Amino acid sequence: MKASQFFVSTLKEAPADAEVTSHQLMMRAGMIKRLGAGIYNYMPMGLRVIRKVEAIIREEMNRAGAVELLMPVVQPAELWQESGRFQAYGPELLRMKDRHDRDFIIQPTSEEVVTDIARQELRSYKQLPRNFYHIQTKFRDERRPRFGVMRGREFTMKDAYSFDRDKDSALKSYQVMFDAYKRIFDRFGLQYRAVAADTGAIGGDASHEFQVIANTGEDAIVYCPTSDFAANIELAEAVALTAQRGAASQALAKTPTPGKSTCADVAALLGVPLVQTVKSLVLATDEKNDAGDIAKTTVWLLLVRGDHDLNEIKAGKLPGLKAGFRFATISEIEDHFGCKPGYLGPIGLKKPVRVVADRTVANMADFVSGANEADFHYTGVNWGRDLPEPDLVADIRNVVAGDPSPDGQGELAIQRGIEVGHVFYLGTKYSKAMSATYLDETGKPQLMEMGCYGIGVTRILGAAIEQNHDARGIIWPAAIAPFAAVICPIGYDRSAEVQAAADQLHDELAAAGVDVLLDNRGERPGAMFADWELIGVPVRVVISDRGLKEGLVELQGRRDAEASKLALAEAVNAVKARLAA
Ligand SMILES: Nc1ncnc2c1ncn2[C@@H]1O[C@H](COP(=O)(O)OP(=O)(O)O)[C@@H](O)[C@H]1O
Ligand SMILES: [Mg+2]
């Protein structure tokens with residue numbers, strides 16, 4: 001490919017709304033162009049990357065036995081009403097009407113449509129297992145579209161759906177996808193981790209997110225460097241930090257802490273370590289009667305150590321909180337604790353409150369907590385002696401770096417990641433709602449067991465750049481670079497020798513299967529080099545009159561500090577070797 005037949009368009013400055021590096025660099029490199037909030041044109045340079053990402057996904061999905069089809073972007077609402085998601089899906093689901101006033105949606109995923117296909121087409125156990133996938137435009141009306149393609153409203157996803165006769169077989173299909181995902185992300189050349197993730201209402205333990213490691217990632221990944229434990233922060237189990245509760249050694253004392261409403265401030269004032277304090281969080285649950293009115297409200301006090309944070313996902317799995325909870329209102333708090341937030345604690349409650357202690361808190365002795373009186377805390381608090389044992393002891397906190405790994409194999413570390421893929425065992429959630437059955441050997445209808453498997457195609461571009469860039473621009477892994485190599489001739493239109501050598505090298509590289517671009521735009525060397533460093537092409541070959549006099553060209557990898565000289569005749573092999581490395 002020659003630049004004159006392509007479209008190169010770079011910017012010196014990124015637009016002001018581009019907050020993160022990948023968004024800035026994609027805009028500057030001419031890969032995307034904003035059309036509306038979270039909606040982008042994929043420009044020729046960006047589309048080349050998307051196509052390479054898709055090709056790798058397609059190859060590995062096909063290799064894993066999945067079958068490609070293509071389901072519509074605009075889908076009739078009926079199927080979504082059947083599954084209940086037409087109502088249940090929040091405002092992220094874009095709903096609309098056609099000229100006949102019929103409801104439609106733009107697909108955020110395709111469980112309903114694929115389940116409809118499966119219930120019509122997969123009638124016998126002999127046709128299972130089956131995995132259908134497509135690579136298709138998605139729309140989610142995200143509350144905060146941001147970071148360019150990373151959280152778009154319109155984006156491209158590969159979504160696959162497996163259908164099996166029973167759970168065992170479904171978990172095998174899940175494993176096949178898990179392994180295929182590893183091959184896909186290996187081939188992208190990205191650093192990633194597969195982490196265990198929360199399964200929400202579905203339950204079970206078959207959900208993994210594929211996370212590209214990047215400091216700017218939105219997700220916290222917990223892992224153990226000395227074992228293969230890896231989970232996202234929502235799921236990672238936090239163990240009690242002391243095996244047993246110590247004996248009480250202090251008397252209970254009400255201590256003035258004027259104006260100190262955070263654990264850190266109280267600890268500093270009292271001269272005690274933060275780990276001696278306990279933080280109080282107040283939740284509420286509502287029970288509704290048949291008419292849908294609130295019949296009863298229960299107030300909950302959740303206690304975590306002063307340096308720890310509540311994990312709301314874990315809290316939401318507790319008996320009594322499972323059906324949904326909210327944070328208590330100020331008036332509910334005053335009513336039950338006789339005090340405003342800031343000085344709350346488990347001693348001296350005005351009305352009954354369900355007390356849940358984190359595992360670590362349950363083992364604390366002589367701790368500090370709010371006294372349910374403005375400007376006062378209790379010190380020397382001891383379970384059993386000063387207050388009843390908690391109603392419930394549970395893991396309700398986020399792990400922190402240095403916690404013991406739940407597998408007992410070392411200490412946990414935390415790094416940040418960007419979720420680029422998700423594999424999920426669905427069970428019969430959709431097949432049940434939509435009556436997707438097959439006939440077993442005895443001719444009896446059985447519900448199909450399902451799994452769903454997504455990869456954020458366009459998000460991969462952002463994630464790859466967050467992980468691979470420097471001050472000059474993007475550094476693409478060779479497998480997904482818009483071009484694997486660029487030839488930069490100096491004086492292409494002035495020197496017949498340079499032009500001939502550049503054309504020949506271009507043709508030879510192309511013949512050798514290298515995705516090469518010859519920059520024949522006639523730019524000055526500085527501007528030309530800056531463009532390709534910004535765009536992030538992995539290998540550059542510079543051809544100049546001066547070099548050719550000695551039969552030499554210059555080769556520079558995008559991460560190399562400087563170029564190396566080599567004979568023109570060796571350039572093809574050298575470029576290939578660089579790309580293979
Ligand atoms: N708004 C978005 N913009 C770009 N990619 C997205 C967006 N939402 C989801 N994706 C990608 O699609 C994949 C599958 O989506 P899913 O797991 O259903 O999303 P979520 O985790 O947001 O519920 C995600 O792993 C992510 O890579
Ligand atoms: Mg997900």
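The chain is numbered in sequence order, starting from 1. First listed ligand is number 1; within each ligand, the first listed atom is number 1. Note that this is a predicted model, so its numbers are computed, not measured.
Using a 4.0 Å cut-off between a side-chain N of Lys or Arg and a carboxylate O of Asp or Glu, Glu237 and Arg359 qualify as a salt bridge. The pair Lys97-Asp103 counts as a salt bridge, with a side-chain nitrogen and a carboxylate oxygen less than 4.0 angstrom apart. The residues Arg28 and Glu13 are annotated as not salt-bridged, no charged nitrogen and carboxylate oxygen being separated by less than 4.0 angstrom.
Of all the N, O or S atoms in His422, the one closest to the Mg ion (ligand 2) is ND1. Looking only at its N/O/S atoms, Glu419 has OE2 as the one nearest to the Mg ion (ligand 2).
Nearest to atom 15 (O) of ligand 1 by heavy-atom distance, out of His422, Met157, Glu218, is Met157. Evaluated by nearest non-hydrogen atom to atom 6 (C) of ligand 1, the leading choice among Glu142, Arg153, Arg459, Arg151 is Arg459.
Taking the six-membered ring where the residue is Trp, Phe178 and Tyr174 present parallel rings, their angle staying beneath 30° rather than reaching 60°.
Heavy-atom contacts of Glu419 reach the following atoms of ligand 1: 17 (O), 21 (O), 24 (C), 25 (O), 26 (C), 27 (O) (cutoff under 4.0 Å). In summary, the atoms of ligand 1 found under 4.0 Å from a heavy atom of Val420, numbered by their order in the structure, are 25 (O), 27 (O).
Residue contacts with ligand 1 leave out Asp159, since none of its heavy atoms falls under 4.0 Å from the ligand. Residue contacts with ligand 1 include Met150, since one of its heavy atoms falls under 4.0 Å from the ligand.
Side-chain N/O atoms of Gln211 and Asp219 include a donor and acceptor closer than 3.5 Å. With hydrogens and angles left out, the side-chain atoms of Arg193 and Asn232 include no donor and acceptor closer than 3.5 Å.
Residue, atom and distance of the protein heavy atom nearest to atom 22 (O) of ligand 1 are Arg140 NH1, 3.6 Å. Scanning the protein heavy atoms around atom 11 (C) of ligand 1, the nearest turns out to be Gly456 CA, 3.6 Å. Summary of contacts: the protein heavy atom closest to atom 3 (N) of ligand 1 is Gly152 N, 3.1 Å.
Of the heavy atoms in Ile460, none comes closer than 4.0 Å to ligand 1.
Judged by the 6.0 Å distance and 45° axis criteria, Arg459 is not positioned over the aromatic ring of Phe155. Because its NZ or CZ atom is not both nearer than 6.0 Å to the ring centre of Phe139 and within 45° of the ring axis, Arg153 does not count as a cation-pi partner of that residue.
Among the atoms of Glu209, no N, O or S atom falls under 2.8 Å of the Mg ion (ligand 2).
In this structure, the ring of Phe483 has its center less than 6.0 angstrom from the ring center of Phe6.
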